[in-house]
Amino acid sequence: MWSDWGAAGPGGDMQWCFSQVKGAIDDDVAEADIISTVEFNHTGELLATGDKGGRVVIFQQEIENKNPPQFRSEYNVYSTFQSHEPEFDYLKSLEIEEKINKIRWLPQKNAAQFLLSTNDKTIKLWKISERDKRPEGYNLKEEDGRYKDPNTITSLRVPVLIPMDLMVEASPRRVFANAHTYHINSISVNSDNETYLSADDLRINLWHLEITDRSFNIVDIKPANMEELTEVITAAEFHPHQCNTFVYSSSKGTIRLCDMRASALCDKHSKLFEEPEDPSNRSFFSEIISSISDVKFSHNGRYMMTRDYLSVKIWDLNMENRPVETYQVHEYLRSKLCSLYENDCIFDKFECCWNGNDSVVMTGSYNNFFRMFDRGHRRDVTLEASRENSKPMQVLKPRKVCAGGKRKKDEISVDSLDFNKKILHTAWHPQDNIIAVATTNNLYIFQDKVI
Amino acid sequence: MEVNAEARRILAVSISKLYASRTQRGGLRLHRSLLLSLVMKSARDIYHSSRESEGPPVGGEQPSTEEAMDACSGCPGEANPGHREPQPEPESVEPAPEDPEGCDGEITEDKENRSPARQSRKRRGKASAAPDFLPSKRARLEPGEERYAAAPLGSCCRAGAVDSLSALSLNRVIPAF
């Protein structure tokens, strides 16, 4: 039913080409360099990554050739800063990891850029600003900052601003701490540009960007007796246009849509999205693989996408009983769940993303493969992020996994897949066909041949 | 029994993962712990129900519980049409395999130095009952100097083992914050 999205044809098919790769070439990966989140800002001009070492690296797009079809752009390092440091909770005797779980950009209001970054416990608002001029000609100070002897000052002048090399400064403007007992898995900026939510395993809090010493708890699913716990919150997001609406997904494979106008505590959902389980697929690991790892609204706000271990589902917000589309990411893994449980891969949390006009969705897989599903043309493709395909503008060849039977030439068998090479984080430029794909410690940027 | 062995293996893997996660940086992950406990519960239920249905050695296999294991064993049984959910009591089962002789035999042993798996049901408490494949948390001699080796489950302590597993409270694996 679905055709492979292979060679280019008429009608605007996408042909993905290698553009850049960022990060060390070493096979020996330092744990701190493992990329843990990737996010474009609202214009796509900036691309931020967070890593396990608590650092944020921001790349800025520089356009070399604006004219299609030769459109070429490059993302170069714009700013690097240490967002979070490891901490220790003395009361619970627990170390708090510095790993950046999520980055979310604020829409730009002035010359500076703002982003929220979070680790397991603390959210920070960072201001990234440019400085390309400096004042010169102070009356009381020398150029190196030493104060002048007042007796030597005989004239008065107005300091002037002179150009200097561009300096990008990142400064923490707000620290939102001590509001989460459990590990934060999501942050989402509201369309009102004043509030945002943060979600941990059992609770969701609403913050005002200006207020750090308190937040409102809007969802609390902690049972009175923890032994009765059956599900946790796995992701949450605000609706892109309706500032009163947000969704949160659970480890049981359900999504709840909540309306903040209904009550202060949104424990009662307005809508519950759930698909009945297929009994023929029941196994020991059914609960694990139905746990939702990511939820994303479409840009137009009419749909939302969820990612569980084996599939991506598109839901119409007006239909709760089943998704409107389901895409199998790597169904060939269903028979390998036991091994994937033993090697911990079954716990991997894959993210998913929409393209700018909501016609294509993308998610990662193993062996550094990532998958795209074209909703309109009913096509899907598997591509690979690897250094072997990294010549400038080299067109990516579609890959195919052989699930069983005779392996064709150029196919790769399931048993040959490298489960240590996983793509968990991907991002799509909000307007153009430029994608950022994170392997363990490298960031690949691909663009459509014809933009 | 294949199903038994698989369930035990999964239980053992799950428990070791749970112990390992306690020393993980960043503390115990609630989501992961919950998923582990769900798998352990399924494995325990399968193990428990297949042990109940065993009784004195029964000839035939039990297809319904096997089907639930297909994802693990990767056997061609997956292609079977008419997959059914695992039934707790297969139709051909003999009455539950309580083996009183095994328990009676234990009473004459040294009660103070009994290993957990060999306790009789009467003495059983939730905290003290533990299946033989779990690392023992009791104070004991150096490894290799244990007084009693863990008894294999096929022996006279079968009833005790079944009850041990069922007594293992999986809910306890969720840390109460």
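Only heavy atoms go into these numbers, but all of them, side chains included; no hydrogens, no water, no symmetry mates. Quick note on labels: first sequence line is chain A, next is B, and so on, each numbered from 1.
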- Query: Which atoms of S14(B) come close to chain A, meaning under 4.5 Å heavy atom to heavy atom: side chain ones, backbone ones, both, or neither?
  - Reply: both

- Message: At a 4.5 Å cut-off on heavy atoms, which part of N119(A) comes close to chain B: side chain, backbone, both, or neither?
- Response: neither

- Per-residue contact mode, K349(A) against chain B (heavy atom under 4.5 angstrom): side chain

- State which residue, out of L197(A), N205(A), I204(A), fulfils the side-chain contact (heavy atoms from CB on, under 4.5 Å) condition with V219(A). I204(A)

- Query: For the residue pair N441(A) and I35(A), what are the closest heavy atoms and their distance?
  - Reply: C-CD1, 3.9 Å

- N178(A) CG: over 12 foreign heavy atoms closer than 6.0 Å: no

- Most heavy-atom pairs under 4.5 angstrom with chain A, which of V39(B), L38(B), D45(B)? V39(B)

- Message: Side chains of C258(A) and I218(A), heavy atoms from C-beta outward: is any pair under 4.5 Å?
- Response: no

- By side chain to side chain donor-acceptor pair (under 3.5 Å), E31(A) pairs with (sequence neighbours left out) K52(A)

- Query: When heavy-atom pairs shorter than 4.5 Å are enumerated against chain B, which of E287(A), E98(A), E342(A), E87(A) gives the highest number?
  - Reply: E342(A)

- Message: Heavy-atom pairs under 4.5 Å with chain B - which of H183(A), K99(A), E231(A) has more of them than the others?
- Response: H183(A)

- Query: chain B heavy atoms under 4.5 Å from S93(A): which part of the residue, side chain, backbone, both or neither?
  - Reply: neither

- Does the cation-pi check pass for K17(B) over Y341(A), that is, NZ or CZ under 6.0 Å from the six-membered ring centre and within 45° of its axis? yes

- Query: Are F350(A) and Y366(A) an aromatic pair by the rule of ring centers under 6.0 Å?
  - Reply: yes

- Item | Residue S339(A) versus chain B: region with a heavy atom under 4.5 Å | neither

- Message: Between I346(A) and chain B, with a heavy-atom cut-off of 4.5 Å, which part of the residue counts as in contact: side chain, backbone, both or neither?
- Response: neither

